[in-house]
Amino acid sequence: MMITSAAMQSYLATPVTRLATGSRVNQFLPSTYVRRLPRNATVRVRSMAEEDKQEQPTPVAATPPPIPQAPLKPKQVSTKFSDVLAFSGPAPERINGRLAMVGFVAAMAVELSRGQDVFAQISNGGIPWFVGTTIVLSFASLIPLFKGVSVESKSKGFMTSDAEMWNGRFAMLGLVALAFTEYVKGGTLV
């Protein structure tokens, strides 16, 4: 206990050396162990490259002509089943996002029109609609990918592929939050 007390007193009594030197210093060392830098010290840095530049002046008109570049070829997209449906492939998150966007809008529309929460919608004939929508959207999303058309090649202007991904992510979160809120609340959200 006494050692801890002595260490704390010496720590509190020492000046802050970290600010003086500008570097990190062990907090438990007294300031006498830290090398102090003079305040008005000037540092000159010389390099061999500066000396070479002074000896040989560079010609002004000797700029190389620009190299013509070939037009960029579109990125080749793999059409293998395992690549398209891989965990980091183009299909899984995009299809789930599209289904979540349709599901969130449909759940809110049915909730506003009929007054049913998400669980009541599923139990009152929602399963066939879910399966049908899943099959149609999955095939509609996979057919262009298997033909080699990338999603980025079709996204221009305001509706980009990144915007679709973010909207799908928010729709997935919104659908889960809607179901959780209705479960906790015990009824419809609206």
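Keep in mind that what you see is a predicted model, and the values were worked out from it rather than measured.
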Item to complete: Can you see which heavy atom on P90 is nearest to which on V84, and at what distance?
Response: CD-O, 3.6 Å
Worksheet, complete the sentence: For P128 and G125, the nearest pair of non-hydrogen atoms, with its separation, is CD-O, 3.5 Å
Discussion item. Minimum heavy-atom separation for P92 and A86, please, with both atom names.
Written reply: CG-O, 3.2 Å
Item to complete: Starting at CZ of F87, measure out to CD of E93 and round the result to the nearest 0.5 Å.
Response: 8.5 Å
Practice prompt. Using atom types as modelled and distance alone, determine if a side-chain donor or acceptor of T133 lies under 3.5 Å from a backbone N or O of F130.
Written response: no
Item to complete: Apply side chain to side chain contact (heavy atoms under 4.5 Å, CB included) to M108 and L178, showing your working.
Response: CA-CA 9 Å; M108 290 303 292; L178 177 68; 3.8 Å; yes
Worksheet item: Can you name the closest pair of heavy atoms from A100 and G168 and give their distance?
Response: CB-O, 4.2 Å
Worksheet entry | Distance in Å, N96 CG paired with S138 OG, rounded so as to fall on 0.5 Å steps | 8.0 Å
Worksheet item: Looking only at atom types and distance, does a side-chain atom of Q121 sit under 3.5 Å from a main-chain N or O of Q116, one as donor and one as acceptor?
Response: yes
Discussion item. I'd like to know whether NZ of K147 has more than 12 heavy-atom contacts from other residues, nucleotides or ligands below 6.0 angstrom.
Written reply: no
Worksheet item: If you count the non-hydrogen atoms of other residues, nucleotides and ligands that lie under 6.0 Å from CZ in R114, is the total more than 12?
Response: no
Discussion item. Between V118 and M101, is there shared hydrophobic-cluster membership here, with clusters defined by ILVMFWY side-chain heavy atoms closer than 4.5 Å?
Written reply: no
Item to complete: Verify whether one side chain among S141 and R94 offers a donor that lies under 3.5 Å from an acceptor in the other.
Response: no
Fill in: Side chain E111, main chain T188, donor-acceptor under 3.5 Å
no
Discussion item. Is there a path of hydrophobic side-chain contacts, each under 4.5 Å between heavy atoms, that joins L137 and F170?
Written reply: no
Worksheet item: Under a single-linkage definition using a 4.5 Å side-chain heavy-atom cutoff for Ile, Leu, Val, Met, Phe, Trp and Tyr, are V131 and V136 assigned to the same hydrophobic cluster?
Response: no
Practice prompt. State yes or no: do F104 and L112 share one hydrophobic cluster built from I, L, V, M, F, W and Y residues joined by side-chain heavy-atom distances below 4.5 Å, directly or via other members?
Written response: yes
Item to complete: Check S123 against A120 and note the closest heavy-atom contact, atom names and distance.
Response: OG-O, 3.1 Å
Worksheet item: Given the rule in the side chain to side chain contact (heavy atoms under 4.5 Å, CB included) test, do R98 and E164 qualify, once you have shown the distances and angles that lead to the verdict?
Response: CA-CA 8 Å; R98 289 174 181 171; E164 182 188 17; 2.4 Å; yes
Worksheet item: What's the spacing between F139 CZ and I95 CD1 if we round to 0.5 Å?
Response: 10.0 Å
Worksheet item: Would the number of heavy atoms belonging to other residues, nucleotides or ligands and lying under 6.0 Å from CZ of F119 be above 12?
Response: yes
Fill in: Check against side chain to side chain contact (heavy atoms under 4.5 Å, CB included), L142 and L85
CA-CA 9 Å; L142 288 174; L85 291 176; 3.9 Å; yes
